[in-house]
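Since this is a predicted model, take the numbers as computed values, not measurements.
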Amino acid sequence: MLQNRNILCISGTEWHGNYIKAVVELMKVLSAGNKILFVENPYTYKDALTGVKDKNKVDYMQALGFKSRLSEIHPEGGGTVHILTPPLVFPVSFLPAGKFFNAMLHYNGWLLRRSIRKALKQLDMQQHLINFVSFNPGMGVMTGRRLGEQTLIYHCYDEVKGAHPWLSKHGVKLEQVFMKMVDAVIVTSKGLFNSKCHETKRCYTVHNAVKASLFRQGFNPDVNPATRNIGYVGSVDDRLDFDILEYLFTKMPDATFTFVGRIISDKSEAILKKYKNVKLEGAKAPELLPAYSRQFSVGIIPFIKDDFTRGIYPMKINEYLAAGLPVVSTDFSDLSDFEGIIKIADNKDNFLSYLLEEINTDTTAKRESRLAIAEGNTWGRRAEELSDVIETVERELSPA
C-alpha cells in the first residue's frame, strides 16, 4: 500500500452525494497513510444560479472565495482528506469546438490551477506529487504537467462517449489528448481496457468494489420465496433495458419491483410509473440502502448492451452479493469474474426464467456464500491493487 505520498486527486465529481463513488472510496482508504487533496469538479456560474433552489449543491461562500476553499474529512478508517472547492468557472460544454471554446477552457483551467497551487503550498504537498485525475479529461489536459507532479495518472471508470451529454461533446477528443500525456491509465473494467489500451503508454485494470461493512447490514438470513420483491439500486436512466423490464412487470404481476436511485431520465421515469407493481424510491444516502436490501428477494442489473455499457463494471453486483442476494443481470459487459456466482441472461425469456429460479431456490447458506465472495472485493483490496499499479509505474519512470 502506498505510504507517505502526496496525492492530488482532480475529480469529475463531488465528494458528497447520494451514491457511492469509486474514487471517493479509494481516497478514503489511501488517506490512512498518505496526504490527500481531493479537488471537486468545479461548479459553473450556471450551476450557482440554478442551485438557488438546492442550497446543498453549492457552498457559495467557498465557491466565491469568501471563506477558505479547503475543508477536511476524516474517514472511518483513519487519516484525513483535504477537500478543495474550486472557484466557479464559465460553462463551456455547450460551445462548438473552436477558438472561443479553447480560450474559455484555458481560462477555466487557469482558475483551477491557481487554486490548486495555493492549496498545495498551504498543505505542504508540492514535493513528490502524484496527480491522479479521475474522469475529468478536460481539467486533466489543463492541469497535467503544470503542477510539478512526479507521476500523472488518469482514472477512467466510464466511456466518455455516451456517459454524459455535457461531457461527450468535447470529452472524447480531450480524453484522447490527455491519454497521450499521462504516465498511465487505470480503468475499472475489461471493456474499458480494450477501449483505452491502444491510446496510452500504460494501461491497467483496477475493478470497482464494495463497502462490505455497510452492505452486509442488509443481509437477511430469512428466505421466503412467497415474498417477491425485485430490487434495483442505481440510476434510473437510458441504460436500462425497458423491453426486458416491461416484460418482467407483465409476467410477474404479483411481484414488487423496487427502484432505488437517482432518476436521471424523464422518459425512463414515465415508463416505470405506468406499472402498479413498480415502486420508485428515488435517490437515497448510502447508509439507507441496507434497509432496502433486507427486503429484496433478488437484485437485478437490466442494462442494455451497447458501446457505453460494455465498459461498465457495476458496483451494484458486489453490493447485492454483500447483502446475500442472488443477482440476475443482462450480458451487457464482460462479467466472467462472476461466472457461476450470478445469472447472466441474453434475452428477456432467460431473464424471467433465471429470476424465478433464483427466488425459488434461494437458501440461507447460499446467501452466506455470496456475502463471503463480496467480502473479498473490498475497497481496501482495490486500494492495494491501485497502489501496486502506481508503484510499478514509478519504478518504470525512475532512471536506472
Side-chain angles (χ1 to χ4, degrees), residues 12-13 19 21-22 93 134-137 154-176 179 185-200 203 205-208 230-249 257 259-272 278 299-320 327-339 342-355:
T13 184
Y19 61 101
K21 304 159 190 177
S93 61
S134 183
F135 204 60
N136 197 339
Y154 176 42
H155 178 229
C156 179
Y157 53 78
D158 259 338
E159 283 288 1
V160 169
K161 186 176 182 180
H164 308 281
W166 61 268
L167 180 60
S168 59
K169 184 172 183 177
H170 302 287
V172 173
K173 289 185 177 179
L174 288 168
E175 185 182 66
Q176 289 172 346
M179 287 194 293
V185 174
I186 298 175
V187 299
T188 55
S189 71
K190 294 177 182 177
L192 284 174
F193 180 87
N194 293 334
S195 173
K196 311 300 178 187
C197 66
H198 304 295
E199 302 287 335
T200 188
C203 194
T205 303
V206 176
H207 290 140
N208 289 326
I230 318 303
Y232 170 83
V233 178
S235 297
V236 175
D237 55 26
D238 295 334
R239 296 176 302 173
L240 297 178
D241 189 327
F242 287 98
D243 181 45
I244 288 178
L245 285 173
E246 292 188 274
Y247 183 72
L248 298 176
F249 301 157
F257 291 82
F259 290 77
V260 184
R262 299 175 297 163
I263 299 175
I264 296 176
S265 166
D266 292 337
K267 178 183 176 182
S268 300
E269 180 182 18
I271 294 173
L272 295 177
V278 172
I300 60 171
I301 308 176
F303 286 170
I304 58 173
K305 187 174 182 178
D306 61 15
D307 289 340
F308 173 52
T309 59
R310 190 174 293 116
I312 295 175
Y313 182 99
M315 284 188 278
K316 59 179 61 66
I317 289 183
N318 283 306
E319 291 169 358
Y320 291 151
V327 181
V328 180
S329 173
T330 55
D331 60 341
F332 65 91
S333 183
D334 185 338
L335 301 176
S336 56
D337 288 351
F338 297 96
E339 188 173 350
I342 71 172
K343 295 292 187 181
I344 303 172
D346 58 4
N347 61 59
K348 60 187 179 183
D349 288 311
N350 284 345
F351 203 109
L352 174 62
S353 175
Y354 288 149
L355 201 55

query: Hey, does the side chain of Y320 reach the backbone of I300 with a donor-acceptor pair shorter than 3.5 angstrom?
result: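 Flag set: sc Y320 to bb I300 pair under 3.5 Å.
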Taking all non-hydrogen atoms of both residues, which atom of [X] and which atom of [Y] are closest, and how far apart?
X	Y	answer
V187	C203	CG1-SG, 4.2 Å
P302	Y232	CD-CD1, 3.7 Å
S189	G311	OG-O, 2.6 Å
D158	I312	OD1-CG1, 4.1 Å

Are the side chains of [X] and [Y] in touch, meaning some heavy atoms are under 4.5 Å apart?
X	Y	answer
D337	K190	yes
F135	V160	yes
S333	F303	no
I301	I317	yes
C156	M179	no
L248	L355	yes

Which value, rounded to the nearest 0.5 Å, describes the distance between [X] atom [atom1] and [Y] atom [atom2]?
X	Y	atom1	atom2	answer
L192	I186	CG	CD1	13.0 Å
E339	I344	CD	CD1	7.0 Å
K316	S235	NZ	OG	7.0 Å
Y19	M315	OH	CE	9.0 Å
D266	D237	CG	CG	12.0 Å
L240	L272	CG	CG	7.0 Å

task: Any chance you could lay out the salt bridge (Lys or Arg N to Asp or Glu O under 4.0 Å) test for R310 and E159, step after step, and finish with the verdict?
output: CA-CA 9 Å; R310 190 174 293 116; E159 283 288 1; over 6 Å; no
message: What I want to check is whether the side chains of D306 and T309 have a donor and an acceptor closer together than 3.5 Å.
response: yes
- prompt: Just by distance, with hydrogens left out, do S134 and K21 show a side-chain donor and acceptor under 3.5 Å apart?
  reply: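 Side-chain D/A pair, S134 to K21: absent.
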message: Is the ring pair F249/F257 parallel, tilted or perpendicular, if the boundaries are 30 and 60 degrees?
response: perpendicular
task: For the pair Y313 and H207, name the ring-plane relationship: parallel under 30°, tilted 30 to 60°, perpendicular over 60°.
output: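 It falls in the parallel class, under 30°.
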query: Is D241 salt-bridged to K348, going by a charged N under 4.0 Å from an acidic O?
result: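 No, no charged N to carboxylate O under 4.0 Å.
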- prompt: How far apart are the C-alpha atoms of D346 and K305, what are their side-chain angles, what is the distance that settles it, and do they pass the salt bridge (Lys or Arg N to Asp or Glu O under 4.0 Å) test?
  reply: CA-CA 10 Å; D346 58 4; K305 187 174 182 178; over 6 Å; no
